[in-house]
Novice: 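Input: one structure, supplied below.
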Amino acid sequence: MDKLEIRGGHRLDGEVRISGAKNSALPILAGTLLAGGPVVLGNVPHLNDVTTTVKLLRRMGVEVTFHDGVRIEVDPRSLTEHIAPYELVKTMRASILVLGPLVGRYGKADVSLPGGCAIGARPVDLHVAGLKAMGATISIENGYIRARAKQLRGTRIVLDTVTVTGTENLMMAAVFARGETLIENAAREPEVVDLANFLNALGARIEGAGTPTIRIQGVDSLEGGSYTVMPDRIETGTYLVAGAITGGRVRTLRTRPDDLDAVLQKLREAGAEITIGADWIELDMGGRRPVAVDIRTAPFPGFPTDMQAQFCALNAVASGTGTITETIFENRFQHALELQRMGANLSIQGNMVVCRGVERLTGAPVMATDLRASASLVLAGLAASGTTTIDRIYHIDRGYECIEEKLLQLGADIRRIAS
Ligand code: UD1
């Protein structure tokens, strides 16, 4: 298993180009199953989760071709299977995103249940309940969700909890449903909007994405087409924290500042100077030590759960005491325990981490446990004195494209040790 070795203490300074959003590319790739012809996608990031999704599509008989490394062409017309097998789903929960399009278009789907997950229970009951409300027959057999429907019908679905992939799955299922589907208490994340824009570009009729009520008028077919995936707001936020935690200056390019309001607000509170352009954000810490911040995660437009681990690393070296309250997932504080091994002074109290910043963390061998936890360990390593070795970085490769190249470019001392 590859490792990352970081010699900390270098102030980052420079520019970094942001990749396409993982959490947008995955649902859009699943959404290609609804297309009537070939779809060409631009700005698809090179990530393990994208590779897994491509494997899943190919396993179903879908033709996937890579062009010049940045564009992917998907032609779903050759689909022969409607199964998402356990060995793929267990490596990537987002495989559940094929459920909606498969039932909506082909009338059948056998998708393995994702099972346990490092950051909590993460059930998919709302995906299933929504599809049932649209007329699908669903049973759980041998660990698989087995869904069947002649034709889904539009209905009003009120989601109990705001769920991102749940909203996306139901939105995709509704594209071909008879009549109108209303999804209430829908997730408002920018990635939901990106998926709706993609589907509309192929001929779907979706309104209200980005608001709590999404209205979908069923259509008979979609065309093929092309679409460019939005920039990754979590990758953007992570590099900005890298600037802040090292007292440096980082300009993120090809990003969308409007998607990061809550994160930028907290960076300002931490003492960073933030400048924004049409498609870039610059953070300048001017050599200052960050000030600890209080954070409470919430669905968009609140502070994203996918950024709390990175801010936990920031609080670990900040002046003062900061709290991080996680309201979306239980058990999402494994990074905190690893940060303690690097000298962080923190305690976990239920769903809250209370952290009193220390002047300096010290490098240590640490273990990545999930995607965003790994990012926080990289950030801590950048700020720590001495060498930090991060094991199990396949988690990082699921969500950060070329992380060591990008950090090297910003002046970090980082290398990948292949095993
Ligand atoms: C997505 C993102 C993930 C992010 C998360 C929250 C993708 C591929 N992943 O995950 O990076 O951390 O949103 O912003 O986009 N829930 C239920 N029943 C369900 C579905 C969800 O109770 O059927 C609960 C979950 O346990 C959790 C909350 O709803 O407490 C939100 O989860 P959800 O938005 O569904 O997360 P994902 O879509 O899996």
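Note that the structure is predicted; figures quoted are calculated from it, not measured. Numbers for residues simply follow the sequence, beginning at 1. In listed order, ligands and their atoms are each counted from 1.
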Novice: In ligand 1, which numbered atoms sit nearer than 4.0 Å to a non-hydrogen atom of Val162?
Specialist: 29 (O), 31 (C), 34 (O)
Novice: Kindly indicate whether the side chain of Thr32, heavy atoms from C-beta on, has any atom under 4.5 Å from the side chain of Leu41.
Specialist: yes
Novice: With heavy-atom distances below 4.0 Å as the criterion, list the atoms of ligand 1 near Val124.
Specialist: 19 (C), 23 (O)
Novice: Without hydrogens or angle criteria, can the side chains of Tyr239 and Arg251 be said to hold a donor-acceptor pair below 3.5 Å?
Specialist: no
Novice: So is Val164 polar-close to ligand 1, meaning N/O to N/O under 3.5 Å?
Specialist: yes
Novice: Is any N or O atom of Glu189, backbone or side chain, closer than 3.5 Å to an N or O atom of ligand 1?
Specialist: no
Novice: Within the structure, does Arg93 bring an N/O atom to less than 3.5 angstrom of an N/O atom in ligand 1?
Specialist: no
Novice: Within less than 4.0 angstrom of ligand 1, does His127 place any heavy atom?
Specialist: yes
Novice: Any atoms of ligand 1 less than 4.0 Å from a non-hydrogen atom of Arg332? List them with their elements.
Specialist: 12 (O)
Novice: With sequence neighbours excluded, tell me which residues meet side chain to side chain contact (heavy atoms under 4.5 Å, CB included) with Val128.
Specialist: Lys132, Ile138, Ile145
Novice: Tell me whether Lys22 is salt-bridged to Glu235, with the criterion being a basic N under 4.0 Å from an acidic carboxylate O.
Specialist: no
Novice: So is Pro123 close enough to ligand 1, meaning a heavy atom under 4.0 angstrom away?
Specialist: yes
Novice: Counting only nitrogen or oxygen atoms and a 3.5 angstrom limit, does Leu126 reach ligand 1?
Specialist: yes
Novice: Number the atoms of ligand 1 from 1 as they appear, then name those within less than 4.0 Å of a heavy atom of Thr161, with their elements.
Specialist: 29 (O)
Novice: How does Phe329 reach ligand 1, if at all, at less than 4.0 Å between non-hydrogen atoms: by side chain, backbone, both, or neither?
Specialist: side chain
Novice: Salt-bridged, Asp110 to Arg148, with N to O below 4.0 Å?
Specialist: yes
Novice: Under 4.0 Å, heavy atoms only, figure out whether ligand 1 is touched by the backbone of Thr165, its side chain, both or neither.
Specialist: both
Novice: Check this for me: does any side-chain nitrogen of one of Arg59 and Glu81 sit under 4.0 Å from a carboxylate oxygen of the other?
Specialist: no
Novice: Is the closest N or O pair between Asn23 and ligand 1 shorter than 3.5 Å?
Specialist: yes
Novice: Just jot down the ligand 1 atoms closer than 4.0 angstrom to any heavy atom of Thr305, in number order.
Specialist: 6 (C), 12 (O), 14 (O)
Novice: Side chains of Thr325 and Asn351: is there a donor and an acceptor less than 3.5 Å apart?
Specialist: no
Novice: Report yes if some N/O of Glu168 lies less than 3.5 Å from some N/O of ligand 1; otherwise report no.
Specialist: no
Novice: How far apart are the C-alpha atoms of Glu5 and Thr389, what are their side-chain angles, what is the distance that settles it, and do they pass the side-chain hydrogen bond (donor to acceptor under 3.5 Å, both in side chains) test?
Specialist: CA-CA 4 Å; Glu5 188 182 86; Thr389 318; 4.8 Å; no
Novice: Will you find, in the side chains of Ser19 and Glu401, an N or O donor that is under 3.5 Å from an N or O acceptor?
Specialist: yes
Novice: Could you work out, with ring pair (Phe, Tyr, Trp, His ring centres under 6.0 Å) as the rule, every residue matching Phe311, not counting sequence neighbours?
Specialist: Phe303
Novice: Looking only at distances, can you tell me whether any N or O atom of Ile328, backbone or side chain, sits closer than 3.5 Å to an N or O atom of ligand 1?
Specialist: yes
